[in-house]
Protein chains: 2
Amino acid sequence: MGLTKTEIFTLEQNQISSIAKVFGHPARVAILQHLFKIDSCICGDLVGEIGLAQPTISQHLKELKKIGLIKGNITGTSICYCIDKENWSNMKTTLTAFLDQDLDDSNTCC
Amino acid sequence: MGLTKTEIFTLEQNQISSIAKVFGHPARVAILQHLFKIDSCICGDLVGEIGLAQPTISQHLKELKKIGLIKGNITGTSICYCIDKENWSNMKTTLTAFLDQDLDDSNTCC
DNA sequence: TTATTATATTGCAATATTACGATGAAAGGA
DNA sequence: TCCTTTCATCGTAATATTGCAATATAATAA
């Protein structure tokens, strides 16, 4: 059906999967890497940097903004995007807790 | 079009997004959490644990197996799944490198 | 005002994902 | 052998995602 049954999962499980879903497209990974690399806000040069059409980039930026990982400042006709460092940090905490689950070596049945 | 243009992205970007995509569904997060919690192999009790039908669980397990995060041992009529600890560790390294990008506070334009 | 520039939104086509009933395959027990 | 249990696969319906052309919007420049 294409419709995820979110109601049967915990808040934490839904949060983790929502974050991961945003990272689940290479264009969004590339956008974030570029934002980190230039370590400053960017405007529309993402369209040139990544090889996708302007509406497609705009759509990916919307996803990133929706989950709070980036924010934008209007400066004239262009918009300056950058990482929302506080939200990025919070996201990292949530995701790291999931990734760092105990890897007990005592049990090795497989 | 629903078709991701993987060819225009780097190997690393595609790897990160492939991993994240697998985590992008709460059922798969729940399966992994359960596998960590019982810290031992499990069989088909995931169907009872999570509220999804058996074919659906089987499909999610397939995704997790495809990317190497879990492995299964046949024991009689049942199959015993568990985390592939080595692959989990490698995955964590890749993802952590992405999450731990430098958060330089010197630049605060937004 | 009109034109230009930068970004967002709309609408749509192609493809992917999610979920499950029905069925298949493989092993063990009666 | 036949039945049961356990899991995988197939087929299909409903929904989501991706990508882009066309268009809208908003700010500035001429």
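Below, chains carry the letters A, B, ... as their sequence lines are ordered, and counting in each starts from 1. Below, all heavy atoms of this structure are taken into account, side chains as well, without hydrogens, waters or symmetry copies.
Taking atom CD of B:Q59 as the reference point, atom P of C:dT17 lies 10 Å away to the nearest angstrom. Look at CD1 on B:I79: it is 13 Å from C1' on D:dT5, rounded to the nearest Å. Per the geometry, CZ belonging to A:R28 stands 9 Å off C1' belonging to D:dT17, to the nearest Å. Per the geometry, NZ belonging to A:K62 stands 5 Å off P belonging to C:dT9, to the nearest Å. When rounded to the nearest whole Å, the span between CG of B:L64 and P of C:dT17 equals 14 Å. The nearest whole Å value for the distance from the CD1 atom in A:I74 to the P atom in D:dT25 is 16 Å. Atom CD in A:E63 sits about 11 Å away from atom C1' in D:dA16, given to the nearest Å. The nearest whole Å value for the distance from the CD1 atom in B:I57 to the P atom in D:dT9 is 15 Å.
Judged by atom type and distance alone, A:Q54 reaches the base of C:dA8 through a side-chain donor-acceptor pair under 3.5 Å.
OP1 or OP2 of D:dT6 has not a single side-chain nitrogen or oxygen of B:Y81 nearer than 4.0 Å. Close to C:dC20, at under 4.0 Å from its OP1 or OP2, lies a side-chain N or O of B:T56. A close approach under 4.0 Å does occur between a side-chain nitrogen or oxygen of B:S58 and OP1 or OP2 of D:dA8. Using a 4.0 Å cut-off, no side-chain N or O of A:H60 falls inside it from OP1 or OP2 of D:dT17. Distances shown here put a side-chain N or O of A:K5 below 4.0 Å from the OP1 or OP2 atom of C:dC20. In terms of phosphate contacts, A:K21 brings no side-chain nitrogen or oxygen within less than 4.0 Å of OP1 or OP2 of D:dA16.
Note that NE2 of A:H60 is 13.0 Å distant from NZ of A:K62, once rounded to the nearest 0.5 Å.
A distance-only check finds a donor-acceptor pair linking the side chain of A:W88 to the backbone of B:L99 [under 3.5 Å]. In this structure, the side chain of A:S89 does not engage the main chain of A:K85 through any donor-acceptor pair within 3.5 Å. Side-chain atoms of A:S58 do not come within 3.5 Å of backbone N or O of A:Q54 as any donor-acceptor pair.
Positionally, the nearest nucleotide of DNA chain D for B:T4 lies more toward the 5' end than for the other of A:P55 and B:T4. A residue-by-residue look at A:K65 and A:T6 shows that A:K65 has its nearest nucleotide of DNA chain C further toward the 5' end. Both A:G51 and A:T77 lie near DNA chain D, and the one whose nearest nucleotide falls closer to the 5' end is A:G51.
Under the side-chain hydrogen bond (donor to acceptor under 3.5 Å, both in side chains) criterion, B:D84 pairs with B:N87, not counting sequence neighbours.
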